[in-house]
Structures are given as C-alpha cells and as structure tokens.
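The block underneath contains the structure these notes are about, expressed in structure tokens.
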Amino acid sequence: MGRYLIPLVIFVALSVFLYVGLSLDPREVPSPLIGKPAPQFDLTQLHQSEQRIARDQMLGKVWMLNVWASWCVSCRQEHPVLMQLARSGELPIIGLDYKDKREDGVQWLSDFGNPYTIIAWDNEGRVGVDYGVYGVPESYIIDKQGVIRHKITGPVTPEVVQNEILPLVRKLNG
C-alpha cells in the first residue's frame, strides 16, 4: 500500500498545479511597474523626425501609451478598436512605434488610419525595454501624475475598453 501512496501524492500534486495553471489568463502578465512612475522617455516623433515627445509632456493628463509596430500581426487586430477609442475623445493615445523602420510605421498608419495623438519612434526598442514590453501590442494607462495604473498585454479589445479602460480613465479623471 505504501509504495502506491507516494506516486499517488505526486500525481495529485501535479494535477493541482495543472488545474491552477490552466485556469490562469495568459493575457494577465503582472507588471512590476503598476503603481510606479512611468519610465522617462524623450524620443523623436514618427511623422516629424525634427520634433520630440517626452513622457513629461503628458503630465496633468490621463493617457494611454500603446506599443505597436507595422510588423505586428496582433496590432492589426486591435487597430479598429483604437480608432474607435480615439474617436470617442475619452483619452489621448500616445503611440510608441517599437523596433520598426520609420517609413514602415508611416506607411502602416497611412494604410489603416492613425488613432494616435502623437507617436514616438523607438526604433532601437530601448523605451520598450524600460516599460518591460514582452511583445507588441501592449498598452499602459498612465495617470495625471505620470504613474502607471494599468497594463494591457496583447490586443486591446472592445471588452477591454468597456470593462477596464474607460471605467479606470473616468475614475482617474473624476
């Protein structure tokens, strides 16, 4: 009897770990930056290479930083949602064109539309590293004091806009 007890205990333990692992949402990647100041950046703008955009320019506003790239397939999925969110006027969306060629990013926006208030060009991906970007698209909701309040990993969906982004933005602006 004892020789079957150890394999049974191991099987039950592994089953519990498997059950817990399968019940987790893979889109929820915890960020150590939640509740902390958004990392500083000062980059050239995508469309106007002689002009710059810095994090501090957004102080006093609730805004979204959306990390995207022309080579990103999932960015195409979320793009119509960002266009609709931009039309609502609920919050400025700052784009961070990540590890992309400038001309490719400009062409992509010309083809699909531009939901961004301003777009920073992070061709080397250094700002993305500072924000802990795992992959694109990722989005951050940043409050008036420049503190990251929420992170969305993966495409922004209409459900995420209605259930997470807009209630948080309204609360932060309230």
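FYI, the numbering just counts along the sequence from 1. Predicted model only: the values in this text are computed from it and were never measured.
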Could you tell me the separation between the [atom1] atom of [X] and the [atom2] atom of [Y], rounded to the nearest 0.5 Å?
| X | Y | atom1 | atom2 | value |
| --- | --- | --- | --- | --- |
| Leu172 | Leu91 | CG | CG | 10.0 Å |
| Lys171 | Ile141 | NZ | CD1 | 13.5 Å |
| Arg55 | Asp42 | CZ | CG | 11.5 Å |
| Leu46 | Ser70 | CG | OG | 9.5 Å |
| Ile118 | Gln45 | CD1 | CD | 5.5 Å |
| Arg170 | Ile165 | CZ | CD1 | 11.5 Å |

Side-chain contact test, heavy atoms from C-beta onward, threshold under 4.5 Å: evaluate it for [X] versus [Y] and give yes or no.
| X | Y | result |
| --- | --- | --- |
| Val9 | Ile6 | no |
| Asn114 | Ile119 | yes |
| His47 | Val106 | yes |
| Arg149 | Leu168 | yes |
| Ile34 | Lys151 | yes |
| Val136 | Cys75 | yes |
| Pro92 | Met64 | no |
| Arg52 | Trp121 | no |

Exercise. Run the side-chain contact (heavy atoms from CB on, under 4.5 Å) check on Glu90 and Val161 step by step: do they pass?
Worked result: CA-CA 11 Å; Glu90 294 262 2; Val161 170; over 6 Å; no
For this session: Could you tell me if the ring centre of Tyr116 sits under 6.0 Å from that of Trp68?
Result: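 Yes: the rings meet the under 6.0 Å criterion.
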Exercise. Which is it for Asn66 and Glu138 under the side-chain hydrogen bond (donor to acceptor under 3.5 Å, both in side chains) test, yes or no, and what are the steps along the way?
Worked result: CA-CA 6 Å; Asn66 176 256; Glu138 288 189 8; over 6 Å; no
Has [X] got a side-chain atom pairing as donor or acceptor with [Y]'s backbone, closer than 3.5 angstrom?
| X | Y | result |
| --- | --- | --- |
| His79 | Gly113 | yes |
| Asp97 | Asp100 | no |
| Glu78 | Pro155 | no |

Do [X] and [Y] sit in the same hydrophobic cluster, where Ile, Leu, Val, Met, Phe, Trp and Tyr count as joined when their side-chain heavy atoms come under 4.5 Å apart?
| X | Y | result |
| --- | --- | --- |
| Val67 | Trp71 | yes |
| Val81 | Ile93 | yes |
| Leu166 | Val160 | yes |

Exercise. Who pairs with Asp122 by side chain to side chain donor-acceptor pair (under 3.5 Å), at least two apart in sequence or on another chain?
Worked result: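 Once residues adjacent in sequence are excluded, Asp122 has no partner under the side chain to side chain donor-acceptor pair (under 3.5 Å) criterion.
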What heavy-atom pair brings [X] and [Y] nearest, and what distance separates the two atoms?
| X | Y | value |
| --- | --- | --- |
| Pro115 | Leu82 | CB-O, 3.5 Å |
| Ile148 | Pro39 | CD1-CD, 4.1 Å |
| Ser139 | Val156 | OG-CG2, 3.6 Å |

For this session: Using the side-chain contact (heavy atoms from CB on, under 4.5 Å) rule, take Phe112 and Arg76 through it: C-alpha gap first, then chi angles, then the decisive distance, then the call.
Result: CA-CA 8 Å; Phe112 299 107; Arg76 285 186 183 210; 3.6 Å; yes
Problem set entry | Leu43 and Leu96: CA distance, side-chain angles, deciding distance, side-chain contact (heavy atoms from CB on, under 4.5 Å) verdict | CA-CA 9 Å; Leu43 296 168; Leu96 182 69; 3.6 Å; yes
For this session: Please check if any side-chain donor atom of Gln40 sits under 3.5 Å from a side-chain acceptor atom of Asp130, or the reverse.
Result: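 There is no such pair between these side chains.
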For this session: Dump the intermediate steps for side-chain contact (heavy atoms from CB on, under 4.5 Å) on Tyr98 and Tyr131, then the final yes or no.
Result: CA-CA 12 Å; Tyr98 180 70; Tyr131 276 78; over 6 Å; no
Exercise. Is any side-chain N of the basic residue among Arg126 and Glu124 closer than 4.0 Å to the acidic one's carboxylate O?
Worked result: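 Glu124 and Arg126: salt-bridged.
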